[in-house]
Participant: 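Below is the structure I would like to discuss, written out as structure tokens.
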Amino acid sequence: MFDVTPGMRRLGATVLGMEAIVVALATPVAITIQNVEPSLAATIGIGMAVLCVIVAGLLRYPAAFIAGTLLQILAIATGFLVSTMFFLGAIFAALWITAIFVARRVEGATKR
């Protein structure tokens, strides 16, 4: 595993928090524009948003970063319900990866 730094927690929680909002807002889009069954759209959209918030709260543990990475994959997969989510999921995945590496690099440089 790896050491979780405070910067990684902050940036990761920020990415997951914003992602929770975007995924939740994709739910009405899936229902009204993409004609997805409301129960399916609500289960996936709201469920993913809740998972993002839960994982954001658990980022003090290294395993939460694995769960966050899996959430990024699921966010991209929601593009099968709302096609724009392919693009938005990829952006959030890039932000997630950047948050981890930038925080580690910055905090590594400040420790010297």
Participant: Could you give all pairs that pass the side chain to side chain donor-acceptor pair (under 3.5 Å) test and reach residues 64-75, with sequence neighbours left out?
Facilitator: E19-Q72, T69-W96
Participant: Quick one: side chain to side chain donor-acceptor pair (under 3.5 Å) pairs with a partner in residues 75-92, sequence neighbours left out?
Facilitator: none
Participant: Would V106 and I97 show up in the same hydrophobic cluster when neighbours are defined by side-chain heavy atoms closer than 4.5 Å?
Facilitator: no
Participant: Enumerate donor-acceptor pairs with a distance under 3.5 Å from any side-chain N or O in residues 29-36 to protein atoms, sequence neighbours excluded.
Facilitator:
residue : atom : partner : partner atom : Å
T32     : OG1  : P28     : O            : 2.8

Participant: So L88 and V82, do their side chains get closer than 4.5 Å, heavy atoms only?
Facilitator: no
Participant: Taking ring pair (Phe, Tyr, Trp, His ring centres under 6.0 Å) as the definition, give me every residue that meets it alongside F92, ordered by chain and number, with sequence neighbours left out.
Facilitator: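 For F92 there are no ring pair (Phe, Tyr, Trp, His ring centres under 6.0 Å) partners, ignoring immediate neighbours.
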Participant: To the nearest 0.5 Å, how far apart are OG1 in T27 and CG in L25?
Facilitator: 8.0 Å
Participant: By the rule that ILVMFWY residues connect when side-chain heavy atoms come within less than 4.5 angstrom, directly or transitively, which residues belong alongside F80?
Facilitator: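 So far as hydrophobic clustering goes, F80 is joined with I76, F86.
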Participant: Minimum heavy-atom separation for T14 to R10, with atom names?
Facilitator: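 Of all heavy-atom pairs spanning T14 and R10, the closest is OG1-O, 2.8 Å.
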Participant: Find out whether M85 and V22 are in side-chain contact, i.e. whether some heavy atom of one side chain is under 4.5 Å from a heavy atom of the other.
Facilitator: yes
Participant: Going hydrophobic residue to hydrophobic residue with side-chain gaps under 4.5 angstrom, can you get from I100 over to V4?
Facilitator: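 Yes; tracing contacts between hydrophobic side chains, which count when under 4.5 Å, links both residues.
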Participant: Indicate every side-chain donor-acceptor pair of residues 43-62 with a distance under 3.5 Å to a residue at least two apart or in another chain.
Facilitator:
residue : atom : partner : partner atom : Å
T43     : OG1  : S39     : O            : 2.7
R60     : NH1  : G57     : O            : 3.2

Participant: Mind checking the CG-CE spacing from D3 to M8? Nearest 0.5 Å is all I need.
Facilitator: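 D3 CG to M8 CE: 8.5 Å, rounded to 0.5 Å.
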